[in-house]
Number of protein chains: 2
Amino acid sequence: MSLHDSTQTKILDAAEFLFAERGFAETSLRTITGRAKVNLASVNYHFGSKKSLIQAVFDRFLQDFTTQLSLRLEELEQQPANELQAETLLSALIEPLLSLNNTRNNSVSIFMRLLGRAYAETQGHLRRYVTERYGHVLVRFTHLFQKGYPELSNDQIFWRLHYMLGSLIFTLAGSDALRQISEADFNRSLEVKDVIQEMVPFLAAGMKA
Amino acid sequence: MSLHDSTQTKILDAAEFLFAERGFAETSLRTITGRAKVNLASVNYHFGSKKSLIQAVFDRFLQDFTTQLSLRLEELEQQPANELQAETLLSALIEPLLSLNNTRNNSVSIFMRLLGRAYAETQGHLRRYVTERYGHVLVRFTHLFQKGYPELSNDQIFWRLHYMLGSLIFTLAGSDALRQISEADFNRSLEVKDVIQEMVPFLAAGMKA
DNA sequence: GTATGTTTCAAACAAGTGTTTTAGTGTGAA
DNA sequence: TTCACACTAAAACACTTGTTTGAAACATAC
């Protein structure tokens, strides 16, 4: 957080951290404004409501992420089918993810935890909001897999993509805690980058099964 | 729910459904007791507090599940290493899961959603409670994988198990919603059993990668 | 300078939360 | 019957929640 962040940015920074850490309902506006060192009412003034604040937190992440992902997808959509190996497609997903970690510190873990929570909100507003606004990117990603693996049926692709998402979100969301366990048990330092790179062969092999 | 369930059972049934559906903080005791058709105060009378009620919900699931899993693990621990294929080990995990679906309807989905929520509670009491009480089963499971796949390093096993858990929990937690999408898109009916069976080759291939 | 629009602040609001209390009901044993 | 115990019921409690209000402070243009 730089010295002269706007109130909105301070709120977003505090909110995204706390939402990822504790959940949406478990995080009160007073906790957020306390951490952000702004007045309580400023949340409703700038964002309208708590619900809108949650959506704004997701928007900031997803706009960064999806624009980056879109660029990669455009390149890949020009490629012939035999260039669309699982490893290639996965790195198109992973590289935009890792570049998030450059702009804000450790934000991949935060982002994935937020995604996991949004996913858990089965009947809530958030899941609808995210899928309606950013679902088209997932669709394009699906088409690339179908092109690269025509021997697989459409619903096999559909399900395996969800298996992959599950591994990714689940592992990266807990990566902080898991890394600590792993480093304690095996005396081996692991960056987020390493954790992700370890996943690629696992997921690729599953995709080709 | 049978005709003469005890108050405790009625509360547990209502609570596990609502917790899975909306989350712990988002579910009030009044909503639970309303659904269960019991008095509000009976939760605190029978369980002490909301926190203890949450733990009780997990206990009922995990006791059923871990005792069944333990039996399978004992059998497998007698086997030689070359019998410990990934598919075999996975079915030791999956069959107890599926048998949950027999006792109570659709409870696999509920169980997985609860596990996902417990996992998300990184710093909360619940994750500590679950890992402390039922972590030893996961450890035994890890040892079997190490025995079956000695060419993999310990931390490779560690991480790949988490990838698998991620796919399982993530997919099964959302299986209700995903099944509807899948059936709408591909006109193909899918039971929970089918969804899980589809996963096994994917996960096994990843494990062997 | 004044005037105007924007942002901050402290205080209050109504609604909902988990929990406790106190009284009441039913049940089985002595 | 009488007593003790387990359970249920309604009401109240203290507290936190998101949101709104109205005044103060600030900035910018005329």
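On a predicted model such as this, the values are computed, not experimentally measured, just so you know.
- A/F111 pairs by the ring pair (Phe, Tyr, Trp, His ring centres under 6.0 Å) definition with A/F61, A/F65, not counting sequence neighbours.
- Ion pair A/R113/A/E21 flagged as a salt bridge, since at least one NZ, NE, NH1 or NH2 atom sits closer than 4.0 Å to an Asp/Glu carboxylate oxygen.
- Applying the ring pair (Phe, Tyr, Trp, His ring centres under 6.0 Å) criterion to B/F141, with sequence neighbours excluded, gives B/F145.
- Between B/D5 atom CG and D/dC7 atom C1' there is a gap of 17 Å when expressed in whole angstrom units.
- Distance A/K37 NZ to C/dA10 P: 15 Å, rounded to the nearest Å.
- Among residues two or more places apart in sequence or in another chain, the salt bridge (charged side-chain N to carboxylate O under 4.0 Å, His left out) test is passed with B/E87 by B/K208.
- Not counting sequence neighbours, the partners of A/S49 by the side chain to side chain donor-acceptor pair (under 3.5 Å) test are A/S52.
- End-to-end axis angle for the helix from C/dG1-D/dC30 to C/dA30-D/dT1, using five pairs per end and rounding to 10°, comes out at 10°.
- By the side chain to side chain contact (heavy atoms under 4.5 Å, CB included) test, B/D64 is found to be paired with B/L100, residues two or more places apart in sequence or in another chain being considered.
- Among residues at least two apart or in separate chains, side chain to side chain donor-acceptor pair (under 3.5 Å) pairs with a member in residues 132-144 of chain B are B/D59-B/Y134, B/S70-B/R140, B/E77-B/R140, B/Y129-B/R133, B/H143-B/Q146.
- Note: CZ (A/F47) to P (D/dG18) measures 15 Å, nearest angstrom.
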Between the protein and nucleotides 15-17 of chain C, list every N/O to N/O distance that falls short of 3.5 Å.
residue	atom	partner	partner atom	Å
C/dT17	OP1	B/S28	OG	3.3

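- Residues forming a salt bridge (charged side-chain N to carboxylate O under 4.0 Å, His left out) with B/R60 (at least two apart in sequence, or on another chain): B/D13, B/E16.
- Residues passing the salt bridge (charged side-chain N to carboxylate O under 4.0 Å, His left out) test with B/R35, sequence neighbours excluded: none.
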Under 3.5 Å, sequence neighbours excluded: what are the donor-acceptor pairs made by side chains of residues 38-47 of chain A?
residue	atom	partner	partner atom	Å
A/N39	OD1	A/A41	N	2.9
A/S42	OG	A/N39	O	2.4
A/H46	ND1	A/Q8	NE2	3.3

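- Within residues 39-46 of chain B, the residues that have a heavy atom under 4.0 Å from DNA chain D are, in order of number, B/N39, B/A41, B/Y45, B/H46.
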